[in-house]
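One structure below.
Numbers restart at 1 for each chain; the letters A, B, ... are given by sequence-line order, proteins then strands.
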Protein chains: 2
Amino acid sequence: MSVKERKERERAQRERLIVATARELAEEQGWDAVTTRRLAERIEYSQPVLYSHFRGKREIIGAVAREGAAEMAVAVRAAVAGADGPRDRVAALARAYLDFAERNPAVYDALFDLDGGLAFAQEDTPGELKDAFAALLETLGEVAGDGVHPGLFTETFWASLHGLATLTRARRLPPEDTERRIELLVDRLAVM
Amino acid sequence: MSVKERKERERAQRERLIVATARELAEEQGWDAVTTRRLAERIEYSQPVLYSHFRGKREIIGAVAREGAAEMAVAVRAAVAGADGPRDRVAALARAYLDFAERNPAVYDALFDLDGGLAFAQEDTPGELKDAFAALLETLGEVAGDGVHPGLFTETFWASLHGLATLTRARRLPPEDTERRIELLVDRLAVM
DNA sequence: CTCGATTGTCTAGCGGTGCTAGGATGGAAG
DNA sequence: CTTCCATCCTAGCACCGCTAGACAATCGAG
């Protein structure tokens, strides 16, 4: 039976290789450059092997998105943990979020711009996504203010950050003033 | 010489037909369905005709985006004109913006998600885009608050709206609470 | 009115995409 | 040692954006 187990281990390892390579390629050259042919060549297997792990390209994007969500949750929680008081915590969260988006643009796209076939805000939403939202909620729920539902506040604050992240990266907003925009959001939206 | 003029008129008309058809097709079936072949078939010309008007598909997207920006400016100004007092004006603007995004998803994508080859926030930015931003600035600049640059405030408020628009449409946010999120944004961000 | 030049349009095709059917191959089981 | 089965690859499908080159229609000169 250990032969079978070994094969399963190797298979799981190859799956991780596919996801890591797709992410790498996307960060290097953008998702448009992540074609099944190039991806197959990089992992040194033929195209059909990809389809024995994933239904198609969108599922590969989804896998990168889930991985990214888990990392983002870690990054946000780490940033918040190093800050004192509600205001600093919210500001640290906002900076960590935008920083993550800037440093991992392809992952951010996989999460929020592209179609990775993932459900959001539903029962069958992957755990990584639920947890990433929970990481935001932990800090933002504190500053929702009286009579405002913490979840609703978190959604709204998150949407604002998402807007800044995407518009800045798509060169719709000049990047120099990012810090000032963050301060504005934090000071006005959060109730301390 | 009037023969030449007639031909130019017909050519301009055909260009408008291309843009209108691309927009129609995108609203019906999404931008993925807007292929040069399908578009050519709908306008009852062959593919290469498209390339005698536009450098490529991205320029067609850009043309739809410019058209959409002009319409959005009109919609926003109309909504604001029908409201009294700063708070109502800002709320009306926010609703009009999100309403436009919801009613014209393909146009909204052309403007802010896809690459239409347009410059933003620069000298060579198309007039329609500058004017759409101006329409936001006219109302939002009023409520930036002391010591906050009106342009910066407008960018930030706009980013928040954009975040709500995209996340809602991509099913990342449940749509039922949109109105409550708007109220939250307006009441907190704007200084009255 | 005829004829060459120019303009406009089309057919056909290039290299690429995501995805899949079917045959070859190599290792486990009997 | 042979049989069988899982695994993988070659080859190919239909489609994509885009373009070269053939063809037809129109224009201006003689």
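Within 4.0 Å of R58(A), counting heavy atoms only, lies no atom of the nucleic acid at all. When heavy atoms are screened at a 4.0 angstrom cut-off, R11(A) is found touching no nucleic acid atom at all.
Atom-to-atom, CG of L39(B) to P of dC15(D) comes out at 17 Å; the value is rounded to the nearest Å. In this structure, CD of E44(A) is placed 21 Å from P of dT7(D), rounded to the nearest angstrom.
Atom CG of D124(B) sits in a crowded spot, with more than 12 heavy atoms from other residues, nucleotides or ligands closer than 6.0 Å.
For R89(B), the side-chain hydrogen bond (donor to acceptor under 3.5 Å, both in side chains) criterion is met by E142(B), not counting sequence neighbours. Under the side-chain hydrogen bond (donor to acceptor under 3.5 Å, both in side chains) criterion, R37(B) pairs with no residue, sequence neighbours left out. Here L184(A) pairs with R188(A), V148(B), F153(B), T156(B) under the side chain to side chain contact (heavy atoms under 4.5 Å, CB included) rule; sequence neighbours left out. Annotation: side chain to side chain contact (heavy atoms under 4.5 Å, CB included) contacts of S46(B) (sequence neighbours excluded): P48(B), V49(B). Every residue meeting the side chain to side chain contact (heavy atoms under 4.5 Å, CB included) condition with D99(B), not counting sequence neighbours, appears here in chain and number order: R103(B). Residues satisfying the salt bridge (charged side-chain N to carboxylate O under 4.0 Å, His left out) test with E15(B), not counting sequence neighbours, are none. Applying the side-chain hydrogen bond (donor to acceptor under 3.5 Å, both in side chains) test to E179(B) and every residue at least two apart in sequence or in another chain returns R95(B).
You'll find the side chain of L25(B) reaches within 4.5 Å of the side chain of R38(B), heavy atoms only.
Counting only residues at least two apart or in different chains, salt bridge (charged side-chain N to carboxylate O under 4.0 Å, His left out) contacts with residues 151-167 of chain A comprise E155(A)-R181(B).
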Collect all protein-nucleotide pairs involving nucleotides 5-7 of chain C in which both atoms are nitrogen or oxygen and the distance is under 3.5 Å.
none

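The C1' atoms of five pairs define one axis at each end of the helix from dC1(C)-dG30(D) to dG30(C)-dC1(D), and these two axes lie 20° apart (to 10°).
Residues from residues 47-57 of chain A with heavy atoms under 4.0 angstrom of DNA chain C, sorted by number: Q47(A), P48(A), Y51(A), G56(A), K57(A). Near DNA chain D, defined here as any heavy-atom distance below 4.0 Å, there are no residues from residues 18-30 of chain B.
Between H162(B) and Y108(B), the side chains place a donor N or O and an acceptor N or O closer than 3.5 Å (distance only, hydrogens not considered).
Here T36(A) reaches the OP1 or OP2 of dG18(C): one of its side-chain N or O atoms lies under 4.0 Å away. Residue T35(B) has a polar side-chain atom (N or O) positioned under 4.0 Å from OP1 or OP2 of dC16(D).
Nearest to the side chain of R37(A), among dC18(D), dT17(C), dT10(D), sits dT17(C).
Taking the ring centre of Y45(A) as origin, the terminal cationic atom of R14(A) falls inside the region bounded by 6.0 Å and 45° from the ring axis. The side-chain tip of R171(A) does not point at the ring of F120(B) from less than 6.0 angstrom away and within 45° of straight on.
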